[in-house]
Amino acid sequence: QSVWGYDSDNGPERWHENYPMAKGDKQSPIEINSKDVRHDASLTPWHASYDPGAAKTILNNGRTCRVVFDDTFDRSVLRGGPLTGAYRLRQLHLHWGSSDDHGSEHIIDGEKYAAELHMVHWNPKHGNFAGALKQPDGVAVVGIFLKVGKTPKAEIKRILEEIDNIKTKGKEAPFQHFDPSILFPKSRDYWTYHGSFTTPPCEECITWILLREPIEVSADQMAKLRSLSKNGENEPVNPLVDNWRPPQPVKGRIVRASFK
Ligand SMILES: NS(=O)(=O)c1cc(F)cc(F)c1
Ligand SMILES: [Zn+2]
C-alpha cells in the first residue's frame, strides 16, 4: 500500500481511497474568481504576534519543507480577521511547481503562482492539534503566494539557506530565532473561506486566510526550493516538485474579501 503523495500511483486523484474526506463538500484548495467574491465590511484586520524564540526546526518530510514551532502554550498566535480567539502557530510549509508558471494550490482569477506558503495555526480551545482537526473552527491557515520577480524578498532567504542541510527525506536541522511575520507582504488584504487540509487526511477544519498581495522571490530561490528531494539519502534522486493539490469543487461556498 503506497503512502499518499503526488505521483500518478498515489496522487490527489487516489487520496480518497484511504482518506474519504478527500471527496467532501468543503475541500481545498479552490479557484477564486473575483466576480464571485463578496466584500464583507465586518471582517476585521488579522494580527499575528509571533515569538521568534518559538521556532525550533526545519525538516524535509519527503512532501514539503516544513518549519516547526513550539505550540505548547500561547507563544506565537494569530487573532482577528474571521477568527474568534487566538490560534497557535504550529508549523509553516510550502507547495511549489516544477517551473515558475505553476505551483500554488489556490488559483486567483486564473493565475497560478510559483509557490504558496502556508502558516498553520490551531485553536487551543480544542485541547490539542489532533482534537482541533475534528472541529470546523479547529485550524486557521494563512496562505501567502510567491511570485517570481526582480526584487526578491530577503526574508525567504533564511528558509532557503537551510535547504542544503535538509536535501533528502527525513533530514531535519535546527531553525531558531525566526519570526515568520517578516514574510508577510505590505498589504493585509485577504480572502477567507472555509475548507480543508490540501493534503490527506483532508479534514474540513480550516478557516483559510489567503493574502491578496504576493511576495516576490527570485528564479534562483525557486530553483533552490526545487533542489529538495523526495527520496531518502541513499535512494535514487526523485526531485521534490509539484507538491500541490489541484483545485476542488467550491460547492456553493462563499469566499469573502476583506477589501473592495
Ligand atoms: N496544506 S495544509 O496547509 O492544508 C496542511 C496543514 C497541516 F497542518 C498539515 C498538512 F499536512 C497540510
Ligand atoms: Zn499546505
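All residue numbers in this chain count up from 1 along the given sequence. For ligands, and for the atoms within them, numbers begin at 1 and follow the listed sequence. None of these values were measured; they are calculated from a predicted model.
Annotation: cation-pi geometry not satisfied between Arg66 and Phe175 (NZ/CZ under 6.0 angstrom from ring centroid, within 45° of ring axis). Taking the ring centre of Trp46 as origin, the terminal cationic atom of Arg188 falls inside the region bounded by 6.0 Å and 45° from the ring axis.
Restricting His118 to its N/O/S atoms, the shortest distance to the Zn ion (ligand 2) is reached by ND1.
Note: angle at the Zn ion (ligand 2), from NE2 of His95 to NE2 of His93, is 110° (rounded to 10 degrees).
Smallest separation of non-hydrogen atoms from Cys65 and Ile58: SG-CD1, 3.8 Å.
Of the inter-residue distances, the one linking Met222 atom CE with Asp220 atom CG reads 11.5 Å to the nearest 0.5 angstrom.
Listed by number with element, the atoms of ligand 1 under 4.0 angstrom from any heavy atom of Phe129 are 8 (F). Atoms of ligand 1 found under 4.0 Å from any heavy atom of His95 (numbered from 1 in listed order, with element): 1 (N). When each atom of ligand 1 is checked for a heavy atom of Ile206 under 4.0 Å away, the hits are 4 (O).
For atom 7 (C) of ligand 1, the nearest non-hydrogen atom of the protein is Phe197 CE2, 3.4 Å. With hydrogens left out, the protein atom closest to atom 8 (F) of ligand 1 is Val120 CG1, 3.2 Å, a heavy atom. From the protein, the heavy atom lying nearest to atom 1 (N) of ligand 1 is Thr198 OG1, 2.8 Å. Atom 10 (C) of ligand 1 has its closest protein heavy atom at Thr199 OG1, 3.4 Å. Protein heavy atom in closest approach to atom 9 (C) of ligand 1: Gln91 NE2, 3.7 Å.
The aromatic ring centroids of His106 and Trp191 lie 6.0 Å or more from each other. Ring centers of Trp244 and Tyr6: at least 6.0 Å apart, outside the cut-off.
Side-chain atoms of Asp242 and His102, non-hydrogen and from C-beta on, do get closer than 4.5 Å to each other. Side-chain contact check for Ser258 versus Asp40: every heavy-atom pair is 4.5 Å or farther apart.
Using a 4.0 Å cutoff on heavy atoms, His93 counts as a contact of ligand 1.
Contacts between Trp208 and ligand 1 below 4.0 angstrom, taking non-hydrogen atoms only, involve the side chain exclusively.
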